[in-house]
Amino acid sequence: MEKKEIGAKTYLYPMPTVLVGAAVGGRPNYLAVAYIGIAQHAPPMLSFALGKSHYTNAGIRESRTFSVNIPSEDLVAVTDYCGLVSGSRVDKSALFTNFYGKLKTAPMIAECALNLECRLVQALDYGGINELFVGEIVETYAEEKYLTDGLPDIQKIRPIIFSMHDNNYWKVGEHLGKAWSVGRKYRPAGG
Ligand SMILES: Cc1cc2nc3c(=O)[nH]c(=O)nc-3n(C[C@H](O)[C@H](O)[C@H](O)COP(=O)(O)O)c2cc1C
């Protein structure tokens, strides 16, 4: 096995594609985000890295709230658009049907399958081009059509998967096995 050194890059594959929303000057604004992940299980927290120059950052600081919206495959073009244009130049507030939840200040996208309403916990500057926002998820919103037995169903949500460095979007593929289950039959070699 010969491995090539292909550079210290952000090759954490696969990446999700979400729309982070915040009100900037009271106006909803959304940007596409792939650098996002779960930070803690309980209380539930997530974190994401934003370029310091983005317009949305000011809105997150302003209200100390934001939303993470999971678009389905059919929203791929408008999601990409939110990643192409900045709210500093283009008004993105009418692209979607906006709604608000219990925090009252974090705009969310009705057309998205899942909406995670979040309260800002911390904004971290670690000296690079990004800043890291850490937020607590205070509520999740979903239409019944995206759920099975009350839980988010990936086959109904049809999220958009992203491969960053070749700039491509992908669909979810086939079911591979049950988690915390397929490993039960596994036997280490020689064991
Ligand atoms: C698929 C995709 C993923 C992106 N992921 C991120 C990300 O994780 N962090 C980031 O700062 N910008 C990311 N961007 C770029 C921003 O979405 C883009 O610069 C956006 O126009 C900023 O909007 P704003 O200035 O209105 O906040 C991504 C763009 C695309 C198309």
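All residue numbers in this chain count up from 1 along the given sequence.
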Co-members of Trp170 in a cluster of I, L, V, M, F, W and Y side chains, linked at under 4.5 Å | Ile154, Ile161, Val172

Going by chain and number, the hydrophobic cluster around Leu19 (ILVMFWY, side chain to side chain under 4.5 Å) further includes Tyr30, Leu75, Val78, Tyr81, Leu84, Val85, Val90, Leu95, Phe96, Ile109

Contacts of Asn167 that satisfy side-chain contact (heavy atoms from CB on, under 4.5 Å) - sequence neighbours left out | none

Establish whether Met15 and Val33 are linked, either directly or via other cluster members, by ILVMFWY side-chain heavy-atom contacts under 4.5 Å.
-> no

Applying side-chain contact (heavy atoms from CB on, under 4.5 Å) to Ser181 and not counting sequence neighbours gives Lys178

Is the count of non-hydrogen atoms from other residues, nucleotides or ligands lying under 6.0 Å from His175 atom NE2 greater than 12?
-> yes

Residue set satisfying salt bridge (Lys or Arg N to Asp or Glu O under 4.0 Å) with Glu139, at least two apart, ordered chain then number -> Lys102

Under 4.5 Å side-chain linkage, directly or through intermediates, the cluster mates of Val138 = Leu103

Tracing side-chain contacts under 4.5 Å among Ile, Leu, Val, Met, Phe, Trp and Tyr outward from Leu147 reaches none

Evaluate whether atom CG of Asp149 has more than 12 neighbouring non-hydrogen atoms of other residues, nucleotides or ligands under 6.0 angstrom away.
-> no

Return the minimal non-hydrogen interatomic distance between Lys52 and Gly128, and the atom names on each side.
-> NZ-O, 2.8 Å

Residues in side-chain contact (heavy atoms from CB on, under 4.5 Å) with Leu132, at least two apart?
-> Ser47, Ala49, Leu124, Tyr126, Val134

Gly87 to Arg27 - nearest heavy-atom pair and separation = O-NH2, 3.3 Å

Residue pairs passing the ring-ring contact (aromatic ring centres under 6.0 Å, His included) test with at least one member in residues 52-79, sequence neighbours excluded, are Phe48-Phe66

Using modelled atom types only, decide if a donor and an acceptor are shared between the side chain of Lys171 and the backbone of Arg158 within a distance under 3.5 Å.
-> no

side-chain hydrogen bond (donor to acceptor under 3.5 Å, both in side chains): pairs with one or both residues in residues 56-67, sequence neighbours excluded | Asn29-Thr56, Asn57-Glu131, Arg61-Glu131, Ser63-Thr65, Thr65-Thr105, Ser67-Asn69

Expected output: side-chain Asn130 to main-chain Leu50 donor-acceptor under 3.5 Å | yes

Can Ile60 be reached from Leu31 by stepping across I, L, V, M, F, W or Y side chains whose heavy atoms are under 4.5 Å apart?
-> yes

For residues Leu114 and Val68, determine if any side-chain heavy atom of one lies less than 4.5 Å from a side-chain heavy atom of the other.
-> no

Taking Glu111 for its side chain and Thr97 for its backbone only, find out whether a donor-acceptor pair lies under 3.5 Å.
-> yes

What residues, two or more places apart in sequence or in another chain, satisfy salt bridge (Lys or Arg N to Asp or Glu O under 4.0 Å) together with Arg119?
-> none

Excluding sequence neighbours, so at least two apart, what forms side-chain contact (heavy atoms from CB on, under 4.5 Å) with Tyr100?
-> Pro28, Pro107

Take the angle between the ring planes of His165 and Tyr13 and call it parallel below 30°, perpendicular above 60°, tilted in between.
-> parallel

Sub-4.5 Å side-chain heavy-atom contact between Phe162 and Met164 | yes

Any donor-acceptor N/O pair, Ser86 side chain to Ser88 backbone, under 3.5 Å | yes

